[in-house]
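Beneath this line is the structure, given in structure tokens, with notes to follow.
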Amino acid sequence: MKGLWGLALISASGMIIEAICELALPSLANTVYETVRTSASPESTRSFVIKIGIFMFFLAVLGLAGGLATMKSSSVVSQKFSYRLRKDLFAKINDFSFRNIDHYSTASLTTRMTNDVTMLQNTVMMCLRMLVRAPALLIVSAVFAFSINWRLSLILVIMLPIILIIVLLILKFGFPMFQKMQKKIDNVNRVVQENLIGIRVVKAFVREDREKEKFRNASDDLARQGSKAAGLVVTIMPILMLMMNVVIVYIYYNGAMDAADGLMDVGEISVLASYIMQVLMNIMMVSMFFLQLTRAKACGDRVVEVLDTKIDITNPENAYIPSPDERKGKVEFKNVSFKYSPEGTGDNILENISFTAQPGEIIGIVGGTGCGKSSLVNLIPRLYDVTEGEVLIDGVDVRKYDLTALRDMVGVVLQKNVLFTGTIRENIRWGKSDATDEEVIAACKCAQADDFIRSQPDGYDTFLAQGGLNLSGGQKQRLCIARAIIKHPKILILDDSTSAVDTATEAKIRESFYGDLKDTTVFIIAQRISSVQDADKILVVDDGLIKGIGTHQELLAENEIYQEICNTQKKGVLE
């Protein structure tokens, strides 16, 4: 809210002006009634009524101006509030480590940034419009009512605690319901997101009916939970309306008795009823505001949970930023163990890993599915931190590096090929935002992507929709490789990134590594032995342990696991 308090004050002032004008009208109307009833001169009465009428019209216009000022300023404040909150949420999420991201589902983060923030925005707007108006009207109306007839107005003292107890009970039971409701919204978003991302798989397996059923179940869960929450909320309205009508009947009945006894004027009964109505209506408004606040608190807790999440991978104090001459690309693992659990519980994914990759070497990594190959290379750019041991780059622990400087040195092509909406050229420039057209083309030639790009309708300016759905898996892999190459990293990590590329194209990509990236340390995770057989070193990983290090020929002669992998693949080729 920093810098918005001026607009908030304008909103409050506008509400006060509107409230004063609204409260003044019943008294002025009663004055007109009394003047008309008691005056003996028609001319003076007509003149007085015209003056009062003009004054009442002026108050109505002034109240309108106050209301418009409140509406405008409260809308601006709430929109800026939600903009800042959403921006801070997005910035926080972008600073998350992989471990932090693993804690939340994508659907939950999406709901928090959209639905939850919108609810908080509406609450801020409602607060600015009602928090001043309702209490002010309530108090001033009560004062006027007691000044007219304190005995009849005592009914308010009886009704207020009853209404307060009802509202508190609804708040108590409503809060957990709204918390559950927001989680149901997360679930609906998750189902929709999974369906849209995997729509081709859904259609390929003819699972549309199953997906519709899954969505219907998620929607029904949300509807049921929403009905419970809404049902609890709407019960307050008829209860308050019943109590309000009982009070009004009480006022008119007893007011008529007092008027018959000469204790009140007839006009005062109408004015008193108007003020009592104002008090009750504003109690109702305050009650509805607190109900809104209950749901907003449930949303706010979810937003604050994200904002208060401790990011486990941050820049250290006095972070090390190497000069260009100090960047060599030497990578050393020293007795590294790693587990995904932040509490340190569970089994190690990697255990006692030690090896050294010299600058310019090509390191192959092979092993069975789930043995820890990807986890190993994710430790190099600090996508995760080691549990024990050290990962050194050029002799410095990666935890001492400035994160931006560290990741600038490392090019990564992950298992999942992610492209973004935009042109091919824009996607390649993700690796280097100021890259020239010549650099873009050179990187694509190195990744063997230039030919198929030029065959596209608009070449490098071809638009990629929804992350490259109009490209094949192999084409997307080559674009991701080009995006990593263009930044000229000292360390390049290819995590099974040529699995969808044919063997001939893969061989050309490997040749470019030896020629164009001779000063870059390259880590290649692969399932095919042919992808790593020319590497300077090959690491054989099995169940989180390194079971062999050597060249293709050395491992083929000495390592049983490597021999088994080779024989299995040869057998598959022969068959």
Side-chain angles (χ1 to χ4, degrees), residues 1-22 62-96 100 104 108-140 167-168 170-172 174-176 178-179 181-183 185-186 229 233 282-311 314:
M1 291 291 288
K2 185 178 180 181
L4 300 177
W5 293 111
L7 284 172
L9 183 61
I10 292 173
S11 177
S13 301
M15 274 288 94
I16 291 171
I17 291 170
E18 185 184 20
I20 290 171
C21 294
E22 190 173 334
L62 184 62
L64 172 66
L68 290 174
T70 295
M71 294 295 177
K72 175 68 175 177
S73 55
S74 63
S75 296
V76 172
V77 170
S78 62
Q79 290 287 347
K80 288 188 175 182
F81 168 83
S82 65
Y83 159 75
R84 291 174 175 182
L85 187 57
R86 197 172 281 118
K87 183 182 73 171
D88 287 348
L89 266 175
F90 189 74
K92 180 78 174 190
I93 292 168
N94 271 270
D95 287 338
F96 275 4
N100 293 135
Y104 298 96
S108 177
L109 290 174
T110 302
T111 305
R112 293 171 200 237
M113 286 195 62
T114 52
N115 184 278
D116 291 356
V117 172
T118 300
M119 178 56 62
L120 292 171
Q121 170 190 324
N122 292 337
T123 303
V124 168
M125 183 164 59
M126 198 172 174
C127 179
L128 290 173
R129 292 179 182 180
M130 288 180 55
L131 203 58
V132 175
R133 173 191 170 89
L137 282 173
L138 194 156
I139 293 168
V140 176
V167 172
L168 289 176
I170 292 176
L171 292 180
K172 179 182 178 181
F175 179 66
F178 284 125
Q179 283 184 315
M181 184 175 165
Q182 294 308 116
K183 290 180 181 178
I185 294 174
D186 287 348
V233 169
N282 284 287
I283 289 174
M284 192 181 300
M285 289 176 67
V286 171
S287 302
M288 295 308 296
F289 172 73
F290 278 114
L291 290 171
Q292 172 87 354
L293 205 61
T294 304
R295 185 173 180 187
K297 186 181 186 308
C299 296
D301 287 348
R302 287 158 50 86
V303 169
V304 170
E305 183 186 5
V306 176
L307 291 174
D308 284 350
T309 298
K310 184 179 179 182
I311 299 174
T314 57

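Here, residue 1 is the first one in the sequence, and each next residue gets the next number.
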What closest approach, in Å, do [X] and [Y] show between heavy atoms, and which atom pair accounts for it?
X: Phe90; Y: Met113; result: CB-CE, 3.6 Å
X: Ile311; Y: Asn100; result: CA-OD1, 3.4 Å
X: Ser75; Y: Met125; result: OG-SD, 3.8 Å

Roughly how far apart are [X] [atom1] and [Y] [atom2], rounded to 0.5 Å?
X: Lys297; Y: Leu120; atom1: NZ; atom2: CG; result: 11.5 Å
X: Gln79; Y: Ser74; atom1: CD; atom2: OG; result: 10.0 Å
X: Lys310; Y: Phe96; atom1: NZ; atom2: CZ; result: 13.5 Å
X: Trp5; Y: Ile10; atom1: CH2; atom2: CD1; result: 14.0 Å
X: Leu9; Y: Leu4; atom1: CG; atom2: CG; result: 12.5 Å
X: Asn115; Y: Ile185; atom1: CG; atom2: CD1; result: 4.0 Å

Do any N or O atoms from the side chain of [X] and from the backbone of [Y] form a donor-acceptor pair under 3.5 angstrom?
X: Arg112; Y: Val303; value: no
X: Arg84; Y: Lys2; value: yes
X: Ser11; Y: Ser73; value: no

Going by heavy atoms in the side chains, are [X] and [Y] under 4.5 Å from each other?
X: Ile93; Y: Tyr104; result: no
X: Thr123; Y: Leu293; result: yes
X: Met15; Y: Leu128; result: no
X: Met119; Y: Gln182; result: no
X: Arg302; Y: Asp186; result: yes
X: Leu85; Y: Leu307; result: yes

Among residues at least two apart in sequence or on other chains, which ones pass side-chain hydrogen bond (donor to acceptor under 3.5 Å, both in side chains) with Thr118?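 With neighbours one apart ignored, the set is empty.
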Report the C-alpha separation of Met1 and Val77 in whole Å, then their side-chain angles, then the decisive distance to 0.1 Å, and conclude whether the side-chain contact (heavy atoms from CB on, under 4.5 Å) test is met. CA-CA 8 Å; Met1 291 291 288; Val77 170; 3.7 Å; yes
Step through the shown structure and confirm whether more than 12 heavy atoms of other residues, nucleotides or ligands are within 6.0 Å of NZ on Lys92.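 Correct, the count exceeds 12.
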